[in-house]
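Working notes, structure below.
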Amino acid sequence: MTSSSVSSLLRLSFCLFILQVMNIGTCHAATRIYHFKVQTMRLTRLCQTKEIVTINGKFPGPAITAQEDDNIVVNVINMTPYNATIHWHGIKQKLSCWYDGPSYITQCPIQSGQSFTYNFTVAQQKGTFFWHAHFSWLRATVYGPLIVYPKANVPYPFKKPFKEHTILLGEYWLKNVVELEKHVLESGGPPPPADAFTINGQPGPNYNCSSKDVYEIEIAPRKTYLLRLINAGINMESFFTIANHRLTIVEVDGEYTKPFTTERVMLVPGQTMNVLLTADQPIGRYSIAMGPYESAKNVKFQHTSAIASLRYFGAFPNSVASPAKLPVFNDNIAVKTVMDGLRSLKTVDVPEDVDAHLFITVGVNVNKCNSENPNNKCQGPRQGRLAASMNNISFNEPKVSILEAYYKKLEGYFTLDFPTVPEKSYDFVNGAPNDIANDTQAANGTRAMVFEYGSRIQIIFQNTGTLTTENHPIHLHGHSFYVIGYGTGNYDHRTARFNLEDPPYLNTIGVPVGGWAAIRFVADNPGLWLLHCHFDIHQTWGMSTMFIVKNGKTVVESLPQPPADLPQC
């Protein structure tokens, strides 16, 4: 054989090898394509028929399913008179920040009659997530599950369940939620409570005209089931329990945990939780209950619980269900018990050396009201206007895409000076910083913090008592974080105890009522990311800020250019 023939054979072999490697790299990943029509539909609940915004005419919306490392493509067409965006809650959007979804942060909204295609990979992620609207309060009806299964032949770290069920917890208003948000903002006062809680869109028999609006799960005796719990609620944290059954937590926010068994759980809005349920009770019917956890004082809320049904095969359909017992609405001990039980499945790599120490206060404010029409515009405490803030800065939502402005180096749309204070020098009185203890006024601004790629960040979130303390569900886009510590009262670095061995890895943390929570993470995802309270009313009032993570040193660590069909404001 000639040398040229050998050379040609080697080149051919090399090409075949490359093709084989490429095939190996892609054979385990698939592209999942979905079409979302944002449209209205008529729905009857609680004795009234109203028009709600949905995806594809479904409430709750359609499920998205994928496997780890799959590519997800969702073409969204807005057929309503409202603006719309979709956020893929818990998906880190590694190098795909443009598709994260929060309106006026990473994109302008999809306007009526327009469309936008979201295109992202669930890279190295698996578990229970969900998608929801991220414009106004449309999340009240525009939400659905996003389930990412392990790769083929990759087992769960627990015995494979016989079957699984997805349970979405929600809140339902009889009023148009877009108009409701506008009215609340104009009034300066608090929002009205939801008219009902819902389990998979159904309120259950505790509400008027709802005896048949009951979601039911059928189970077989002695089998174990996986329940995927998702709190898609707007302004309320929720307890969840099943009569006479125990729940074993095995995953939170898309990350496995050490099994922890309890009679009840609490989920903050934006949180997901996988629990195992064993059908170990006598054949019959058992109530599934969702009710309020309300930690703030002097706040109106919906007291009536939503009820679903757990029915064993063989049980009479009309048999009386065993009642489920929920904690009292302000049971902080029940909440702490569950949080204390959350641990990562294995020892984890928590950053020990920290590049940036941040101390962020979160709280509700009362701003002065100078309206000429105080009866209509000044309905907050002391004839003021309610606001919310981080470090006493109430976030002003812009009317442009902040990510696009940052990418194109446009000046004047936001400020890179989010105020931070040293955790060791902050002084508190009765849960509130001294400098604002007697002044509940918050400043306004559209501000961000900037971090170098790969920065190791620690944040202490401190609940403040400017008006009232409550459990705040804080959500970080684009990253998950280790919850290394939490406690009641004011944070004190001298006495605080951190778990650096197996802390839970979350994307949403309930900062304890009147207390603090400490998180650590690595800023390794270039782009601009929203940090906000997942109570929609608190986000509306301004409890938000932004993180900017700079590009890394290589092309593969850099934010790509914006998509061609990115909506314009």
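No hydrogens, no waters, no symmetry mates; every other heavy atom, side chains included, goes into these values. If you read the sequence from its start, that first residue is 1, and numbering goes on from there.
A salt bridge links Asp524 with Lys94: at least one charged nitrogen is closer than 4.0 Å to a carboxylate oxygen. Here Glu51 does not pair with Arg42 in a salt bridge; the nearest charged N to carboxylate O distance is not below 4.0 Å.
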Exercise for review: Begin with the C-alpha distance, continue with both residues' side-chain angles, and end with the deciding distance and a verdict on side-chain hydrogen bond (donor to acceptor under 3.5 Å, both in side chains) for Tyr82 and Asn176.
Suggested key: CA-CA 12 Å; Tyr82 311 108; Asn176 179 302; 2.8 Å; yes

Practice item. I would like to know whether Glu181 and Thr540 meet side-chain hydrogen bond (donor to acceptor under 3.5 Å, both in side chains); could you show each step before the answer? Key: CA-CA 8 Å; Glu181 184 199 30; Thr540 297; 3.0 Å; yes

Point to revise | Worked verdict on Tyr486 versus Phe461 for ring pair (Phe, Tyr, Trp, His ring centres under 6.0 Å) | key: CA-CA 9 Å; Tyr486 50 88; Phe461 294 107; over 10 Å; no

Review point. Going through the checks in order, is the side-chain hydrogen bond (donor to acceptor under 3.5 Å, both in side chains) test met by Ser305 and Asn206?
Key: CA-CA 7 Å; Ser305 57; Asn206 287 346; 3.3 Å; yes

Practice item. Assess whether side-chain hydrogen bond (donor to acceptor under 3.5 Å, both in side chains) is satisfied between Glu164 and Thr166, documenting all intermediate values. Key: CA-CA 7 Å; Glu164 65 178 52; Thr166 300; 5.0 Å; no

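A centroid separation of less than 6.0 Å is found between the aromatic rings of His532 and His477. Aromatic ring centres of His132 and Phe130 lie closer together than 6.0 Å.
Geometrically, Lys50 engages Tyr172 in a cation-pi contact, judged by NZ or CZ lying under 6.0 Å from the ring centre and within 45° of the ring axis.
Residues Gln202 and Glu216 are not in side-chain contact: their nearest non-hydrogen atoms beyond the backbone lie 4.5 Å or more apart. A heavy-atom distance below 4.5 Å is found between the side chains of His134 and Gln539. Under the 4.5 Å side-chain criterion, counting only non-hydrogen atoms from C-beta, Glu68 is in contact with Gln124. Annotation: side chain of Val122 is not in contact with side chain of Phe129 (no heavy-atom distance under 4.5 Å).
Put simply, the side chain of Lys92 never gets that close to the backbone of His479: no donor and acceptor are under 3.5 Å apart. Using a distance-only test at 3.5 Å, with no hydrogens or angles considered, a donor-acceptor pair links the side chain of Arg520 to the main chain of Pro351. In this structure, Asn463 contributes its side chain and Pro512 its backbone to a donor-acceptor pair below 3.5 Å.
Results of the side chain to side chain donor-acceptor pair (under 3.5 Å) test with Asn274 over Thr128, Thr257, Thr248 single out Thr128 as the only residue that passes. Partner of Phe301 under the ring pair (Phe, Tyr, Trp, His ring centres under 6.0 Å) criterion, chosen from Phe329, Tyr293, Phe197: Phe329.
Judged by distance alone, the side chains of Gln462 and Thr464 never bring a donor and an acceptor atom under 3.5 Å apart.
Within a 6.0 Å radius of CG in Asn208, no more than 12 heavy atoms belonging to other residues, nucleotides or ligands are found.
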